Amino acid sequence: MSQNTSSVIERRIVYFLLFLAVLLPLLFPIGWGSDVSPVVKMSYDLIDQTPAGGIGLISFDYEASTITEIQPMAVAQIEHAWSKGQKVIATALWPQGPQMAAQSFEEAKRNPLFKDKEYGVDYVNLGYKVGGMVTVQALGSSFKDVYPKDSSGRDWDTLPMLKDLKNLKGLSWICSLSAGEPGLKDWIMIAHDVHKVPVTGGTTAVSAPGFLPYVNKNGQLTGLLGGLKAASEYEALIGKKGPATTKMDAQSVAHILILVLIAAGNIKVWIRKRDKVNNTEVTNA
Amino acid sequence: MPEIMNTVGIWLGAFFTFAIFSFLYKDNPFYKLAEQIFVGLSAGYGLIYIIYAALIPNLFHKLATDFSGNLILLIPFVLGLMMITRMVPKFQWMSRYPLSIVIGTSAAISLLRFLKSDLIAQVAATMINPFETKVPSEIVGKLMIIIGTICGVYFFYFSKKQEGIAKIPSKIGVYFLMVSFGATFGYTVMARISLLIGRLEFLLKDWLHIIK
């Protein structure tokens with residue numbers, strides 16, 4: 001067997017093992033817990049310490065491809081805000097954002113505690129706007145000019161919870177659930193750095209390291225949720241065994257497998273190098 | 001009817017999931033089919049969405065209902081038409097004007113914001129007193145931020161050859177960069193596994209109804 005064929009077969013074995021490592025914990029959950037990291041706790045505290053009646057804004061800056069990682073964060077944050085008597089506005093800088101928001105509100109309302117939450121009083125879905133940073137900048141002047149109607153075409157004035165809201169400064173907190181550009185960065189740059197409104201965020205795990213430097217002493221970002229693990233930590237903080245928590249078993253088993261495979265790969269390379277050196281010494285002798 | 005459409009949607013989703021996964025074995029016509037349909041659908045969806053979510057409410061509807069009150073909208077309307085001239089080789093030059101306006105304004109807006117948020121605010125965030133706290137782990141953490149930032153930036157200083165004592169901070173900077181790459185790789189693995197979990201959950205929950 002050539003080395004190329006052997007490497008193709010090895011690759012397929014790795015895919016198969018990874019498939020099993022994810023599949024089995026989904027079928028037979030283990031129930032492993034995970035510790036809450038400080039950046040997730042910061043994000044939780046921001047919403048937790050906002051007084052009842054405050055208005056929070058969640059910007060749905062992602063689409064269906066990243067729903068597994070980000071949607072559980074949205075549902076958990078909506079439930080958390082509602083449990084504290086706060087109101088939630090949904091906006092979107094990505095075209096599929098309004099659908100993601102509608103699904104999240106629907107999911108949160110399945111919780112018996114929140115089944116009576118009323119559209120226009122406890123939450124609104126303002127919909128998608130093009131423009132990214134320019135849109136956020138315009139929200140700093142007037143919400144109503146940017147969103148004269150909500151995502152279903154209702155006039156701004158017919159939505160009671162928006163009666164006293166003029167611009168970004170009227171918000172208690174902002175959370176951008178972001179899978180790329182435009183997204184969290186635009187909210188940090190305008191909403192926090194210009195208007196001084198506390199901003200927190202949730203991103204895919206890939207983007208998380210790039211946003212961690214914004215969690216700094218200047219408070220550019222008040223905590224960060226990075227990927228499925230952070231979503232499960234947030235669920236733990238609000239005392240919920242939600243979708244992120246149940247998927248963490250599969251994530252953990254897959255990570256252990258990857259660590260084992262990295263170790264095995266390195267040992268194999270080391271043995272190959274040692275054999276090569278030995279063969280060279282024998283030939284030279 | 002909506003229930004049948006929902007079932008058809010789930011079966012199509014399952015078929016395309018397997019079609020894309022089949023690439024892991026080897027390239028094949030099912031994968032190609034799924035890939036082409038995805039690209040075509042995304043482009044079509046994006047175009048129609050922009051027409052209905054941006055062009056109609058922000059431009060056509062306003063001009064149709066109150067033309068004289070929205071005369072200023074004729075400027076972006078004409079610029080938009082000029083952009084379409086890219087498709088006609090003879091008039092292609094006209095598209096450079098709206099393009100230059102887009103690039104110019106984007107650059108100006110971004111420059112100001114990035115300068116404030118990414119440069120000044122980030123530099124200011126590293127100007128910390130590590131000994132203002134008594135907690136040892138926090139002191140170490142703050143020192144790491146200061147040393148890591150200085151040495152990391154120094155690694156990219158190429159105006160003088162880094163040798164002798166000048167090589168030490170550069171070497172430390174490399175170690176910090178390596179740790180950062182390792183963390184990024186770990187997060188990337190986590191994200192990719194999450195995608196696989198999402199697809200398997202769809203197959204087991206929505207398609208096969210094996211899990212709740």
Side-chain angles (χ1 to χ4, degrees), chain A residues 8 11-12 15-16 18-19 21-23 25-27 29 65-69 95-96 98 127-131 133-134 137 148-149 185-186 188-190 192-194 204-210 212-220 226-229 231 243 246-248 250-251 254-255 258, chain B residues 21 24-26 42 45-46 48-50 52-55 57-58 105-106 109-110 112-118 120-129 132 142 145 149 180-205 210-212:
Chain A
V8 169
R11 205 162 57 205
R12 286 173 189 164
Y15 292 145
F16 182 67
L18 207 53
F19 178 78
V22 172
L23 179 76
L26 284 176
L27 290 172
S65 59
T66 48
I67 208 166
T68 314
E69 286 186 277
Q96 283 182 20
Y128 163 71
K129 283 287 165 192
V130 282
M133 190 190 283
V134 179
Q137 209 154 355
K149 292 174 189 298
K185 203 160 189 172
D186 302 295
I188 296 170
M189 287 181 172
I190 308 293
H192 178 268
D193 292 351
V194 176
T204 55
V206 174
S207 318
L212 282 171
Y214 292 100
V215 186
N216 53 37
K217 69 157 188 164
N218 293 336
Q220 286 184 288
L228 195 61
K229 184 178 184 298
T246 53
K247 287 175 201 148
M248 272 315 288
Q251 186 99 50
H255 283 198
I258 288 167
Chain B
F21 278 172
L24 295 176
Y25 184 72
K26 66 176 186 180
S42 304
Y45 179 84
I48 296 299
Y49 201 93
I50 288 296
Y52 281 95
L55 286 179
N58 296 337
T105 47
S106 307
I109 292 170
S110 302
L112 283 175
R113 298 288 159 237
F114 278 78
L115 201 65
K116 185 176 180 193
S117 301
D118 272 10
I120 297 171
Q122 286 289 308
V123 170
T126 59
M127 293 175 184
I128 43 182
N129 175 9
E132 69 187 357
K142 284 177 178 175
I145 289 176
T149 307
S180 132
F181 295 149
T184 307
F185 173 73
Y187 269 110
T188 307
V189 169
M190 188 159 94
R192 301 297 175 243
I193 296 294
S194 299
L195 293 179
L196 178 60
I197 292 171
R199 280 300 77 201
L200 285 185
E201 192 202 26
F202 164 75
L203 293 174
L204 297 173
K205 193 174 167 184
I210 294 176
I211 58 170
K212 280 186 183 175

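Everything numeric here is computed off the predicted structure, so don't read it as measured data. Here is the naming used below: chain letters follow the sequence lines, and residue numbers restart at 1 for every chain.
Atom-to-atom distance recorded for Gln220(A):CD and Lys116(B):NZ is 9.5 Å, nearest 0.5 angstrom. Expressed to the nearest 0.5 Å, how far OG1 of Thr204(A) lies from CE of Met190(B) amounts to 9.5 Å. Rounding to the nearest 0.5 Å gives a distance of 10.0 Å between CD of Glu201(B) and CD1 of Ile67(A). From Lys247(A), atom NZ reaches atom CG of Leu200(B) across 11.5 Å, with rounding to the nearest 0.5 Å. Here the CD1 atom belonging to Ile193(B) is positioned 12.5 Å from the OG1 atom belonging to Thr68(A), to the nearest 0.5 angstrom.
With a 4.5 angstrom heavy-atom cutoff, Val22(A) touches chain B via backbone and side-chain atoms both. For Ala250(A), the parts lying near chain B are the backbone and the side chain together; criterion is any non-hydrogen pair under 4.5 Å. Using a 4.5 Å cut-off between heavy atoms, Met189(A) touches chain B through backbone and side chain atoms alike. The contact between Ser65(A) and chain B is made entirely by backbone atoms, counting heavy-atom distances below 4.5 Å. With a threshold of 4.5 angstrom between heavy atoms, Ile258(A) approaches chain B through side-chain atoms but not through N, CA, C or O. Contact annotation for Arg199(B): neither backbone nor side-chain heavy atoms come within less than 4.5 Å of a heavy atom of chain A. Both the backbone and the side chain of Tyr214(A) come within less than 4.5 Å of a heavy atom in chain B. With a 4.5 Å cut-off on non-hydrogen atoms, Gln251(A) touches chain B through its backbone and its side chain both. Heavy-atom distances place the side chain of Ile190(A), and not its backbone, under 4.5 Å from chain B.
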| said: Applying ring pair (Phe, Tyr, Trp, His ring centres under 6.0 Å) to Tyr128(A) and Tyr49(B), what does each step give before you reach the verdict? | reply: CA-CA 10 Å; Tyr128(A) 163 71; Tyr49(B) 201 93; 5.5 Å; yes
| said: With salt bridge (charged side-chain N to carboxylate O under 4.0 Å, His left out) as the criterion, how do Lys185(A) and Asp118(B) come out once you've worked through the C-alpha distance, each side chain's angles and the decisive distance to 0.1 Å? | reply: CA-CA 10 Å; Lys185(A) 203 160 189 172; Asp118(B) 272 10; 3.1 Å; yes
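Annotation for Glu69(A) and Ser194(B): closest pair CG-CB, 3.4 Å, computed over non-hydrogen atoms. Asn218(A) approaches Ala125(B) most closely through the heavy-atom pair ND2-N, 3.7 Å. Across all non-hydrogen atoms, the minimal contact from Gly226(A) to Tyr187(B) is O-CE2, 4.3 Å.
The candidate from Leu26(A), Leu228(A), Leu18(A), Val130(A) with the greatest count of non-hydrogen atom pairs under 4.5 Å with chain B is Leu26(A). Interface check for chain A: of the options Ala121(B), Ala53(B), Ser110(B), Gly186(B), the most heavy-atom pairs under 4.5 Å are formed by Ala121(B).
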